[in-house]
There are 2 protein chains.
Amino acid sequence: MIRAEAADIPDDSALRTPDRLRRRASRLLSQLTMRSDRLITEGLARTGARKWHYAVLASLQEYGPGSQAELSRRSGIHRSDIVGVLNELAERHLVERAPDPADRRRNIITISPRGRRHLRLLDKILDGLDDEVLAPLSQAERDQFVRLLGRLLDHHTGTS
Amino acid sequence: MIRAEAADIPDDSALRTPDRLRRRASRLLSQLTMRSDRLITEGLARTGARKWHYAVLASLQEYGPGSQAELSRRSGIHRSDIVGVLNELAERHLVERAPDPADRRRNIITISPRGRRHLRLLDKILDGLDDEVLAPLSQAERDQFVRLLGRLLDHHTGTS
DNA sequence: CGATTGCGTTAGTGCCACCAACGATGTACG
DNA sequence: CGTACATCGTTGGTGGCACTAACGCAATCG
């Protein structure tokens, strides 16, 4: 194995991650998302929130009340996980859970005034955190990045 | 809640994910990465490989043999997880694990000819998979995307 | 009517990154 | 020299997350 290793050129073979890995979009995505997710989770945890709270509240705010199954589809949270999220939200009175008189299988979930207020808070926090995630990029680059991400995600979600 | 809902305009409140979520970089990253990771994992599994195999083999190929701790640092795989990966690689004779005579704590890991061959295969497979992930983007856009990802990751990795 | 589909809920699975601790070995320093 | 400390490979375990399986119940289709 021939490796240039002059005394004054530091050998970074122990630290530097291989070029192949630094070029693979899939790998870059994984690594970056791991870090981004950590930031978000920790940032929200500081106020006792979790990222699913935001997804559900945002869905309710933008599309109005809905059944749990609807919320699940809108937010991408699995139907069996939404239960717990709604328990937490209802416990904090950010959301109202009421049986649907027209279809007794369903619960109708409604966002409360307090929920709207909380959503605004989360929006602010997340603005800050997204800022942190995208820190090294200029505004134009951020827009482009988000645009590309959106197109990619749409493609893989089967959004017609 | 006022919602325009004419009879012939389909109400997509049940399907469409809220705009807020579609704009948050952190969220887009999470969602896209989840799908990308699935693609990669399944694609590699079809040949019995896992993504860590690639990371380790690539590191060995580009920087030469190294101890397990070095490999861990280069590949970002946790020190306690590398053990299993190397077991799998050694089992398939893609890698040689030998005690370091100069430092009896260390194992020196070397890639085998078969390992190099396998790495080339994985490279091909991953090329295809990355292609799938980035499918909707033009070549120029892909380059830009990867460039932005790289800058973001560098920033969050503390790469000097 | 029966069969099928959708709902909310519970328990559990598999994967993944990470932590804690260990015995063994090397290194630094009084 | 000896002792404290750091590093190595390894094991077992933890917590978070998306997801599955199955359930009892209600609505709907044919």
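All values reported here derive from a predicted model rather than from experimental measurement. Letters go in sequence order (proteins before strands), and every chain restarts at 1.
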Phosphate contact (D:dC19 OP1 or OP2) by B:Arg38 side-chain N/O below 4.0 Å: yes
Validation row: A:Leu21, A:Gln31 side chains within 4.5 angstrom (heavy atoms): no
B:Asp154/A:Arg22 under salt bridge (Lys or Arg N to Asp or Glu O under 4.0 Å): CA gap, chis, key distance, verdict: CA-CA 10 Å; B:Asp154 280 351; A:Arg22 298 190 41 74; 3.0 Å; yes
Side chain of B:Thr41 - closest among C:dC16, C:dC19, D:dC19: C:dC16
Earlier contact from the 5' end, DNA chain D, for B:Ser80 and A:Gly76: B:Ser80
d(CD, B:Glu88; P, D:dT10) in whole Å: 14 Å
Distance below 4.0 Å between B:Asn107 side-chain N/O and D:dT10 OP1 or OP2: yes
Touch class at under 4.0 angstrom, heavy-atom based, for B:Arg35 against every strand present: nothing
Sole residue of A:Leu29, A:Leu153, A:Leu28 in side chain to side chain contact (heavy atoms under 4.5 Å, CB included) with B:Ser36: A:Leu29
Length of the line joining A:Gln31:CD and C:dC18:C1', which is rounded to integer Å: 14 Å
Separation of atom CE in B:Met34 from atom P in D:dG16, rounded to whole Å: 17 Å
D:dC23 phosphate, OP1 or OP2, under 4.0 Å from A:Arg105 side-chain N/O: no
Short side-chain N/O contact to D:dA18 OP1/OP2 from A:Trp52, under 4.0 Å: yes
A:Asp103 CG - C:dT5 P separation (whole Å): 17 Å
Gap between atoms CG and C1', on B:Asp37 and C:dC16 respectively (whole Å): 10 Å
Any N/O donor-acceptor pair, A:Arg79 side-chain to C:dG8 base, under 3.5 Å: yes
Comparing A:Ser67 and B:Lys51 on DNA chain C - which has the more 5′ nearest nucleotide: A:Ser67
B:Asp81 CG - D:dG13 C1' separation (whole Å): 12 Å
All pairs passing salt bridge (charged side-chain N to carboxylate O under 4.0 Å, His left out) where residues 25-51 of chain A contributes a residue, at least two apart: A:Arg50-A:Glu88
Between C1' of D:dG9 and CZ of B:Arg97, the distance in whole Å: 9 Å
Between P of C:dG8 and CG of A:Asn87, the distance in whole Å: 13 Å
Any A:Gln68 side-chain N or O less than 4.0 Å from OP1/OP2 of C:dT9: yes
Interatomic distance, B:Leu44 atom CG to B:Tyr54 atom OH [nearest 0.5 angstrom]: 10.0 Å
Under-4.0 Å side-chain N/O to phosphate OP1/OP2 contact, B:Arg104 with C:dA24: no
